[in-house]
Protein chains: 2
Amino acid sequence: MAKIADKYLKVDPWKIVEEGFDPERNRVSESIFSLGNEYMGVRGYPEEGYGGDTLLGSYFNGLFEESKVNAHYKGIIKSLRFMVNAVDWLYTRITVDGETLDMAQCQFSDYRRELDFKSGSYSREFIWKLKNGKSLKLSFERFVSMDVSNLGCQRIVFEPLNFSGTVEVRTGLDFSVIHEDQGRCYWEVLQQGQENGVIGILGETTHTKNRLFSGFQIDAPKALETTAIEGDRFIGLDVRLPLEQGVKSTFDKFVINYAEKDVATDQDTLWNKGLELAAQHIHPSVSFDSLAREQVNYWSGVWADSDIKIEGDPENQQGIRFCIFQMYQTYHGDNPGFNIGAKGLTGEAYRGLAFWDTESYCLPFYIFNNPKAAKSLLEFRYKSLPYALQRARELDCEGAFYPIATIDGTESCDLWQHSNLQLHVGTAVAYGIRHYVNITGDKSFLYEKGLEMLIQISRFYATRGQWGQKTGQFGYYGVMGPDEFQLMVNNNCYINLMAKKLFEYTLDVIDNMHEAEGTSFSELVQRLNLTEQEQANWRNCAEHMRIPKDDETSIYEEHDGFFDMPHLDIHSIPVTEFPLYSHWSYDRLYRYDMIKQPDVLMFMFLYSGQFSVEEKRANYDYYEPRCIHESSLSPSIHSIIAAEIGKPEEAYKFFEFATRLDLDNYNRNTREGLHTTSISAAWMNIVYGFGGMRSDGDRLVFSPSIPERWEGYSFPITFKGTKLVVEVNKSRAFIRALSGEAVELVIYNHTYNVDHSGIEIALEEVGR
Amino acid sequence: MAKIADKYLKVDPWKIVEEGFDPERNRVSESIFSLGNEYMGVRGYPEEGYGGDTLLGSYFNGLFEESKVNAHYKGIIKSLRFMVNAVDWLYTRITVDGETLDMAQCQFSDYRRELDFKSGSYSREFIWKLKNGKSLKLSFERFVSMDVSNLGCQRIVFEPLNFSGTVEVRTGLDFSVIHEDQGRCYWEVLQQGQENGVIGILGETTHTKNRLFSGFQIDAPKALETTAIEGDRFIGLDVRLPLEQGVKSTFDKFVINYAEKDVATDQDTLWNKGLELAAQHIHPSVSFDSLAREQVNYWSGVWADSDIKIEGDPENQQGIRFCIFQMYQTYHGDNPGFNIGAKGLTGEAYRGLAFWDTESYCLPFYIFNNPKAAKSLLEFRYKSLPYALQRARELDCEGAFYPIATIDGTESCDLWQHSNLQLHVGTAVAYGIRHYVNITGDKSFLYEKGLEMLIQISRFYATRGQWGQKTGQFGYYGVMGPDEFQLMVNNNCYINLMAKKLFEYTLDVIDNMHEAEGTSFSELVQRLNLTEQEQANWRNCAEHMRIPKDDETSIYEEHDGFFDMPHLDIHSIPVTEFPLYSHWSYDRLYRYDMIKQPDVLMFMFLYSGQFSVEEKRANYDYYEPRCIHESSLSPSIHSIIAAEIGKPEEAYKFFEFATRLDLDNYNRNTREGLHTTSISAAWMNIVYGFGGMRSDGDRLVFSPSIPERWEGYSFPITFKGTKLVVEVNKSRAFIRALSGEAVELVIYNHTYNVDHSGIEIALEEVGR
């Protein structure tokens with residue numbers, strides 16, 4: 001892998017710290033210092049205005065705009081939707097003696113910024129050296145409330161070092177933000193004004209008519225003069241703040257943001273809802289400090305539930321905590337209408353869209369840490385089932401076809417890589433349902449919503465599949481599997497195998513529900529018009545599913561004809577040609593035995609229990625040398641399998657990119673936003689890789705190992721309602737229940753009943 | 001084939017006649033009544049203004065606009081170019097007693113229009129019944145000069161049937177035309193005014209800065225009052241013409257159009273060039289009648305050279321003459337910078353772009369009828385070689401990659417059907433060079449320009465191809481062959497075979513030129529840096545080219561894996577689902593053994609001499625039942641092969657769509673423009689199909705047959721400078737030289753020396 005670290009941040013177990021300001025790295029840092037609370041996200045941009053390279057990004061989960069697609073043919077989507085850049089609620093301008101602060105223009109020193117995982121706050125400080133010789137120390141702090149998702153808080157502290165005087169602060173709410181990817185602002189202002197002490201503004205997107213209320217109040221003890229200001233898509237206040245040499249003056253701003261996607265809500269109702277929320281959450285008894293304490297409380301709960309500790313490796317300790325922190329910031333399941341964009345709420349790349357990453361990479365983290373959030377993610381798919389049903393119709397199929405890229409449940413991927421050919425979302429949703437239910441035991445979700453999705457997904461796969469003329473087997477023609485370097489193939493092994501498992505699981509659940517829930521099952525059968533005939537068809541498809549494999553070598557063929565694809569020694573590609581998408585004509589990627597990311601190995605991970613270690617080794621040895629890892633999702637899966645087949649050095653080599661993918665900017669595109677969904681792979685890498693956990697079978701399995709460089713590590717797991725902690729040191733593993741009932745676990749092939757007193761076991765060599 | 005004729009035009013051997021006006025069919029007729037002279041084309045729209053459904057289309061060969069493509073990846077083109085709708089030089093408005101003529105609003109009767117193949121003129125007449133009871137008979141006539149490509153002429157004759165009075169005519173040049181496909185006007189006016197009696201206007205396209213001068217003069221004997229008029233992108237005259245009951249008053253307009261694509265030409269020069277052309281061609285000694293006579297002269301020459309006569313089948317007689325007429329209108333080789341758009345100059349569909357149709361379908365017509373025009377078409381490819389070299393670089397290949405769709409030599413096809421995967425243009429150009437040189441004997445073109453193209457094309461195919469890992473053979477991965485229902489396959493048999501032939505021919509020509517033209521050959525070798533090593537490589541690639549074939553059945557496999565593609569009985573598709581592109585999700589087309597158009601059969605036609613009749617029969621019997629013929633290029637190739645393998649009924653069945661494809665609107669999209677390039681397939685269908693001509697070998701071959709319904713037919717052929725005529729009646733064929741030296745021909749496997757006294761042979765049964 002041609003990936004090189006760019007290390008410029010301080011290593012700290014609980015913080016990200018940057019000292020000194022490098023304009024070249026500002027966008028990277030803006031991504032890393034992003035804040036979010038699932039409802040809204042804001043990049044770490046300088047809120048005081050910055051003339052240099054910046055992406056002033058403020059995003060709201062599920063708030064979208066769209067651009068029309070000139071679609072001439074049936075089955076091509078008609079509009080591309082994207083998470084739209086929204087109100088700059090941190091808008092600030094600072095002027096002293098006629099000089100306005102702008103780090104691109106002004107002199108400053110002692111620059112430092114921090115992101116604190118324990119408080120969830122982002123702070124920044126530096127000393128501004130004015131042209132007239134005055135020195136003003138500035139500290140900025142901001143957070144988005146985890147308890148009150150509509151609330152954002154900003155603090156600015158002014159400390160004049162060598163003068164007394166006045167600072168002029170313009171603060172406000174700015175809807176004139178440019179959505180950079182499209183080069184335009186999508187907002188019109190419907191209403192603005194001051195009411196009940198709240199300065200509010202209501203914006204509406206041009207095409208989709210999504211609306212956003214934003215209102216603020218300030219808390220500045222010594223503010224003497226304030227003037228209301230209204231501008232183009234802007235409302236705010238000018239404040240003159242007297243400063244005294246050596247004394248810190250504090251300026252706090254509280255903002256309520258409220259997004260409304262329902263076009264039926266009338267404007268007055270919406271405006272008043274915004275004001276109500278402001279009255280409810282911004283009142284005299286709250287202060288920046290009191291709200292900041294609540295943040296600390298919230299995060300201490302998160303760390304108690306989900307912290308992974310690594311001893312002897314401060315860089316990865318910081319890295320994995322950053323990952324967990326970002327996972328919670330992006331999503332914690334408060335709202336079943338939200339999903340997880342590939343870049344979370346941290347940038348415009350991938351247009352804020354959610355992919356199969358959600359179920360394949362993110363869901364396990366939530367299943368084992370925050371089952372409520374896991375359920376919420378699945379609820380998103382249930383909520384958007386009508387869109388998936390409609391999309392299947394557009395593709396001349398039955399049942400539900402889930403979109404490969406979506407913000408609201410509709411498909412937002414067009415001819416580039418042909419969304420119509422990408423069948424790996426439906427089976428990922430089905431896998432997610434199975435995984436969630438198996439680990440949590442939540443049968444009521446399965447029977448109330450899960451099975452309906454399974455049936456509709458199965459219907460799609462039954463009608464999209466076809467029978468080969470020569471092989472007489474069932475399979476999928478004209479598809480792209482997870483490996484995006486094979487644009488259009490027949491019988492992709494991953495897709496075929498996942499479809500086979502889908503049919504089998506759906507049929508199992510039907511049988512189980514039939515037995516367990518006779519009445520509601522009958523209702524479901526009737527409502528969905530589920531017939532014996534179609535079940536028989538699914539069984540037949542599953543039984544005759546084509547799984548291309550060379551029996552002599554035990555190597556599964558990624559798709560029909562893959563073994564004849566021209567060979568390329570990927571190590572012969574000059575490092576300057578990476579990333580290949582930027583340096584190679586895109587079609588050239590499609591005609592080698594080179595793969596972008598795990599495809600055969602992916603199903604070997606997902607259905608780990610179905611394959612022997614020998615099979616995994618044979619397939620790893622064949623596919624890994626052909627894998628370019630140009631997906632951020634790739635290294636962790638390879639690391640997990642390498643650990644299992646007894647290649648600990650390779651396992652560690654691939655792990656190196658996992659926790660610090662963004663902190664060390666390995667893919668050179670962190671500036672566009674964080675690799676949020678890949679971040680979850682870091683968690684899997686530790687728990688499934690070194691912890692050796694397998695959760696695809698009936699029982700939960702652990703085969704712990706430890707990287708040579710580490711002294712020890714530990715991680716918590718919630719399994720069937722019991723909270724477990726797994727601790728591993730150089731020689732032994734210790735697993736115990738922190739709360740809940742005893743559970744049965746398999747450790748190195750032996751079954752144990754684990755309760756609060758725990759089980760201690762000597763480490764064994766894995767995969768040898 | 002689910003194609004149904006819509007017959008509403010009168011059958012006439014030398015004309016297209018429509019009686020009565022059907023607004024529903026107006027656009028279809030506008031296409032059919034199109035005029036063109038290679039330089040410019042104008043649809044048969046009502047020039048007096050029409051409030052109903054019309055496509056006011058006026059096009060100039062090679063004059064283009066472009067729209068940007070949001071291309072994120074290397075190898076995707078950055079702009080789509082298209083032939084832009086240009087000046088309405090026929091602009092007319094006619095008012096009597098305050099009522100303005102508009103067929104969508106006014107009462108009229110006795111409507112009739114004609115397109116005359118002998119004069120190349122389009123005329124239209126009807127009686128306008130005014131609201132006040134007056135009746136005015138109107139006759140419109142127009143033509144575009146074949147001798148002076150810049151000149152267009154319009155005549156309007158007014159005959160008041162029951163009154164005397166005045167008609168007000170507004171005539172002018174209108175640049176405010178809407179390019180319908182993009183819904184906007186692309187023209188800005190740079191200059192306009194009256195100079196030397198010419199009323200001129202100079203327009204410029206928005207993005208590409210193509211410029212077009214248009215200037216006119218009128219000739220109206222009794223015009224009393226004229227007033228100059230200037231409007232938005234418009235200049236013209238208001239003319240008041242006195243009318244006398246029962247007397248015809250004539251109003252003529254002469255227009256000079258001059259297109260300039262060179263942005264370096266300064267505006268004054270361009271303006272003056274327009275005025276000069278006007279002075280040169282519109283002067284007192286020319287009249288509408290004198291120019292019309294020149295037209296008749298021109299067309300009589302065309303018919304003397306190229307007429308195909310069919311006895312006993314008036315519909316196809318009319319049809320084939322319409323085809324030949326449209327071929328000459330669209331292209332006759334005056335300008336090597338022009339090519340043939342898929343719809344000629346008759347509409348906006350296919351964006352005025354030229355495809356491989358030019359070399360594969362149109363070129364034979366010109367080779368055998370108008371070798372100068374054939375050479376001009378090949379010159380287009382030579383002229384655009386620099387673009388093809390550049391495009392190959394963009395695709396990470398060497399040599400020349402010719403565009404699948406182009407107006408100026410650059411690629412104008414993007415992700416829809418991936419231009420990067422379509423490799424059938426380069427080999428078509430090479431085939432065209434070989435075909436042209438073999439039939440005309442023009443070695444100087446071959447050595448001066450042809451070989452350079454062949455070498456650069458071979459370089460592309462050598463670097464684009466790859467070696468199969470299992471087969472050890474050379475071939476092409478990630479391609480789309482002629483059959484567009486297989487979007488992306490490996491080792492398309494057509495592409496592989498054509499590439500093999502390309503390499504072999506290039507090597508042959510190199511050897512021949514080396515021998516024949518030592519000095520200029522050395523110069524070429526040096527200039528192109530042609531090495532022995534690369535020639536050896538081409539030889540090796542050709543020798544080891546993969547040609548997928550089932551030896552038992554003699555059936556060539558369209559591509560690797562085609563025989564396993566799920567089977568679909570195409571006759572089971574309801575007729576209401578055609579055309580499939582409109583009714584099926586586009587991706588569904590890609591996953592059957594259903595094909596859109598000949599692919600294996602196409603190379604069996606092109607290299608006919610390489611395959612036995614038995615092989616052709618086996619492949620026809622396999623592929624024809626799988627072919628949906630959704631390309632207008634498909635039926636004729638099937639007809640030609642059916643004739644050869646002894647299936648005369650099928651040959652005639654497929655022929656039925658050839659000559660009258662547009663006249664009977666078989667594909668239901670003639671409204672968008674004529675299927676200009678398919679029109680040429682009609683010519684091939686008669687000459688190669690019934691005439692049994694084969695021109696792919698060293699000698700010219702004929703195996704004549706005659707459809708049962710016909711009494712006789714004849715066609716002329718120019719071969720190695722000798723003009724031959726082939727006449728066939730129910731029992732015999734007669735071939736003789738009209739001019740030129742005696743030539744050797746093969747007729748039913750016997751070799752004859754044919755001179756002006758001719759050879760007469762009894763018809764034999766073909767293919768039995």
Side-chain angles (χ1 to χ4, degrees), chain A residues 67 70-76 182 392-397 414-421 464-479 486-491 546 559-568 580-593, chain B residues 67 70-76 182 392-397 414-421 464-479 486-491 546 559-568 580-593:
Chain A
S67 58
N70 201 357
H72 288 294
Y73 296 95
K74 183 162 182 273
I76 304 176
Q182 304 276 330
R393 286 310 84 73
E394 288 165 16
L395 267 63
D396 302 335
C397 292
D414 66 343
L415 283 181
W416 171 244
Q417 295 190 335
H418 299 271
S419 56
N420 300 34
L421 310 187
R464 177 61 167 79
Q466 293 166 281
W467 294 88
Q469 210 170 155
K470 271 174 85 175
T471 63
Q473 294 177 312
F474 193 74
Y476 296 87
Y477 291 78
V479 296
Q486 307 288 336
L487 178 68
M488 186 178 174
V489 301
N490 299 329
N491 289 308
R546 175 162 175 74
H559 54 77
D560 283 345
F562 184 84
F563 290 151
D564 184 47
M565 292 299 285
H567 180 61
L568 179 71
L580 293 183
Y581 273 121
S582 310
H583 296 87
W584 283 26
S585 183
Y586 79 96
D587 58 294
R588 186 176 164 199
L589 299 168
Y590 301 149
R591 47 183 197 258
Y592 294 100
D593 63 349
Chain B
S67 59
N70 202 355
H72 288 296
Y73 297 96
K74 185 163 181 275
I76 304 176
Q182 304 275 331
R393 286 311 84 72
E394 288 165 16
L395 267 64
D396 302 335
C397 291
D414 66 342
L415 283 180
W416 170 246
Q417 295 191 334
H418 299 273
S419 57
N420 301 34
L421 310 187
R464 176 61 167 79
Q466 294 167 281
W467 293 89
Q469 209 169 155
K470 270 174 83 176
T471 63
Q473 294 177 310
F474 193 73
Y476 296 86
Y477 291 77
V479 296
Q486 307 289 336
L487 179 68
M488 186 179 175
V489 301
N490 300 329
N491 289 309
R546 174 162 175 75
H559 55 77
D560 282 347
F562 182 84
F563 290 150
D564 185 47
M565 293 299 285
H567 181 60
L568 180 71
L580 294 183
Y581 273 121
S582 310
H583 295 88
W584 283 26
S585 183
Y586 78 96
D587 58 295
R588 186 176 164 200
L589 298 168
Y590 301 149
R591 45 184 197 258
Y592 294 101
D593 63 349

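Note on naming: letters A, B, ... go to the chains in the order of the sequence lines (proteins, then strands), and numbering restarts at 1 for each one.
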Which bit of His583(B) comes within less than 4.5 Å of chain A, counting heavy atoms only: side chain, backbone, both or neither? backbone

Roughly how far, to the nearest 0.5 Å, is the CD1 atom of Ile76(B) from the OH atom of Tyr586(A)? 5.5 Å

If you apply the rule side-chain contact (heavy atoms from CB on, under 4.5 Å), what do you find for Asn490(B) with Asp564(A), and how did you get there? CA-CA 10 Å; Asn490(B) 300 329; Asp564(A) 184 47; over 6 Å; no

Between OH on residue Tyr592(A) and CD on residue Gln469(B), distance to nearest 0.5 Å: 12.5 Å

Cut-off 4.5 Å, heavy atoms of chain B, and the answer for Leu421(A) is side chain

Proximity breakdown for Trp584(A) and chain B, heavy-atom pairs closer than 4.5 Å: both

Between chain B and each of Gly561(A), Ser585(A), Cys397(A), Gly472(A), count heavy-atom pairs under 4.5 Å; write down the option with the most. Ser585(A)

According to salt bridge (Lys or Arg N to Asp or Glu O under 4.0 Å), who are the partners of Asp414(A), at least two apart in sequence or on a separate chain? none

Set of salt bridge (Lys or Arg N to Asp or Glu O under 4.0 Å) partners for Arg591(A), sequence neighbours left out: Asp587(A)

Looking at Tyr476(B), Phe563(B), Trp467(B), Tyr73(B), which has the largest count of heavy-atom pairs under 4.5 Å with chain A? Tyr73(B)

Interface check, chain A: of Gly475(B), Gly478(B), Gly468(B), most non-hydrogen pairs under 4.5 Å belong to Gly468(B)

Using a cut-off of under 4.5 Å for heavy-atom pairs, which of Arg588(B), Glu394(B), Arg464(B), His567(B) has the most such pairs with chain A? Arg464(B)

Taking side chain as everything from C-beta outward and backbone as N, CA, C, O, which of these in Ser582(A) sits under 4.5 Å from a heavy atom of chain B? Side chain, backbone, both or neither. backbone

